[in-house]
Amino acid sequence: MSLDAVLARIDSDLPAATDRLLELLRIQSISTDPAYKAECDKAADWLVADLRSIGVSAEKRPTPGHPMVVGHVDGPGPHVLFYGHYDVQPVDPLNLWDRDPFDPAIEETPKGKVIRGRGASDDKGQLMTFIEACRAYKAEHGALPCKITFFLEGEEESGSPSLVPFMKENAEELKAEIALICDTGLFQSKTPAIMTMLRGLLGEELTITGPDKDLHSGMYGGIAMNPARVLTKILGGLFDENGVIQVPELYEGVPELSDELKAQWEGLGFDAEGFLGDVGLSIPAGERSVSPLEMIWARPTAEINGIWSGYTGDGFKTVLPSEAHAKISFRLVGTQDPEAIRKNFRAWVEAQIPADCKIAWKDHSCSPASQMSTEHPGFEAARKALSDEWPDPAAYAGCGGSIPIAGYFKTILDMDAMLVGWGKDDDQIHSPNEKYDLESYHKGIRSWARILDAMSA
Ligand code: BES
Ligand code: ZN
């Protein structure tokens with residue numbers, strides 16, 4: 001099967017491929033908000049119809065949450081599974097968007113054309129790069145180069161509650177030789193990356209209660225304990241002056257990097273100044289003794305993702321609040337154990353709660369870090385294929401984000417997973433004005449065609 005003809009077709013079909021992505025982006029598939037349940041269903045239906053249009057026998061498969069989309073198509077090459085997610089993050093704060101997040105469009109920017117809208121990069125644009133590569137192959141050759149299982153999820157952005165049971169119940173059907181995951185980015189805008197390390201994630205939510213009702217801060221201030229004071233004191237002690245997290249035993253399981261890996265990462269020439277400069281910062285805030293790239297890829301973090309208490313509306317209110325809340329997440333590396341960290345973090349916080357206050361906890365995401373093996377020959381084939389498409393050769397890289405399914409492919413289905421994607425650091429995923437460069441979309445489609453071709457060879 002000639003690859004050149006497929007690539008030429010991808011080039012000429014780009015406007016139509018972009019229109020198809022815009023259609024998918026108009027569906028408001030916010031998985032975390034029950035108000036958008038029907039929209040998640042609609043996105044799944046859209047994908048089933050689109051996959052069927054290229055000869056994939058696809059179905060929407062129910063779960064207790066949002067449906068999965070599973071499809072199969074035969075081909076001569078090895079059996080690969082493709083994973084992506086059709087759900088998106090909430091859009092708030094809506095007032096910071098320059099357009100309706102679900103009325104996507106192509107925009108001209110100083111850096112080139114972008115597809116603007118919620119999910120353009122994470123992950124609808126990315127998953128469509130794979131489907132479009134398949135479409136071009138099918139149109140050109142009447143068949144696909146590999147046997148492919150499609151596995152598209154609608155709950156990734158809300159912690160994938162149905163994923164593990166679904167994978168276990170359908171293990172035989174989902175098992176393939178290797179999983180391809182398109183939910184990560186380029187290393188730098190001209191350098192494609194195969195991500196071999198992903199950080200894990202632990203989410204915690206806490207409520208500290210002081211007085212049993214909101215109080216007048218003049219009448220009670222001074223005598224009544226304020227839970228916001230308790231919370232801020234505790235969170236203020238989360239790091240020492242060197243950026244080291246103070247939760248006991250947190251660093252257990254954090255590996256020392258080998259000299260070889262350190263040297264390889266140094267060779268990548270990461271531009272920390274530019275990376276921070278793009279978001280209005282200049283000083284790395286992690287552990288003092290650690291290099292910037294290690295801070296993102298190879299060290300744990302503790303982040304306060306949300307904190308609220310008292311009156312935060314317009315104007316002013318002299319309230320002494322009854323409650324103070326925070327959402328805190330930890331990114332995990334190596335063999336750090338999320339459950340042990342949960343236990344130690346809670347004990348550390350609880351030991352600092354005054355006798356007069358109470359604390360309540362709510363569990364959120366919990367998944368360990370994953371380390372990919374790159375022994376499957378598909379990895380080297382893909383690395384070469386990517387190096388043919390992009391100006392710089394492809395790099396094996398780490399990833400600061402978390403994609404729990406990458407680990408489950410190994411533990412549940414005993415498959416290696418290869419993570420490649422075309423997102424850029426400035427895509428503003430999860431934020432207002434999310435975009436995907438038209439170049440990411442175009443070269444992403446071409447890259448998948450090259451990877452499938454190389455894997456089938
Ligand atoms: N696509 C992201 C993962 C990602 C982020 C890859 C940044 C590369 C760079 C994914 O959709 C995501 O956001 N995952 C969540 C975890 C999930 C359990 C909520 C994350 O990393 O916060
Ligand atoms: Zn994603």
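The basis for the numbers below is simple: all heavy atoms, side chains too, and nothing from hydrogens, waters or symmetry mates.
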Exercise. Under the side chain to side chain donor-acceptor pair (under 3.5 Å) rule, what pairs show up with a residue in residues 263-281, not counting sequence neighbours?
Worked result: none
For this session: Taking atom types as modelled, find out whether Lys124 and Ser29 have a side-chain donor-acceptor pair closer than 3.5 angstrom.
Result: yes
Seminar exercise, completed: Closest heavy-atom pair, Ala406 versus Leu198, reported as atoms and distance to 0.1 Å, is CB-CD1, 3.4 Å
Seminar exercise, completed: Residue pairs passing the salt bridge (Lys or Arg N to Asp or Glu O under 4.0 Å) test with at least one member in residues 310-334, sequence neighbours excluded, are Glu205-Lys327
For this session: Check side chain to side chain contact (heavy atoms under 4.5 Å, CB included) between Ala171 and all other residues, then give those that pass, not counting sequence neighbours.
Result: Leu413
Exercise. NZ of Lys175: more than 12 outside heavy atoms within 6.0 angstrom?
Worked result: yes
Problem set entry | Pair Thr191-Gln188, side-chain donor/acceptor within less than 3.5 Å | no
Problem set entry | Atom CG of Asp259 with >12 non-hydrogen neighbours under 6.0 angstrom | no
Problem set entry | Minimum side-chain heavy-atom gap Met128-Tyr436 below 4.5 Å | no
Exercise. If we only count heavy atoms from C-beta on, is the Leu186 to Trp390 side-chain gap below 4.5 Å?
Worked result: yes
Exercise. Who are the side chain to side chain contact (heavy atoms under 4.5 Å, CB included) partners of Pro354, not counting sequence neighbours?
Worked result: Met225, Val230, Cys357
Exercise. Minimum heavy-atom separation for Gly154 to Asp87, with atom names?
Worked result: O-CB, 3.2 Å
Exercise. Where the side chain of Glu294 meets the backbone of Ala298, is there a donor-acceptor pair that is under 3.5 Å apart?
Worked result: no
For this session: Could you check whether the rings of Phe130 and Phe82 sit parallel, tilted or perpendicular, using 30° and 60° as the cut-offs?
Result: parallel
Problem set entry | Qualifying residues under side chain to side chain contact (heavy atoms under 4.5 Å, CB included), relative to Phe379, sequence neighbours excluded | Ile178, Ile194, Thr374, His376, Tyr396, Asp416, Met418
For this session: Could you tell me whether Tyr220 atom OH has more than 12 heavy atoms of other residues or ligands within 6.0 Å of it?
Result: no
For this session: Answer yes or no for Lys443 and Trp422: cation-pi contact, defined as NZ/CZ to six-membered ring centre under 6.0 Å and angle to ring axis within 45°.
Result: no
Exercise. Sequence neighbours excluded, which residues qualify as ring pair (Phe, Tyr, Trp, His ring centres under 6.0 Å) partners of Phe345?
Worked result: Phe330, Trp361
Exercise. Distance-only, no hydrogens or angles: does the Arg118 side chain make a donor-acceptor pair with backbone N or O of Leu25 under 3.5 Å?
Worked result: no
Problem set entry | Side-chain (Asp437) to main-chain (Gly112) donor-acceptor, under 3.5 angstrom | no
For this session: Assess whether atom CZ of Arg342 is packed by more than 12 heavy atoms of other residues, nucleotides or ligands within 6.0 Å.
Result: yes
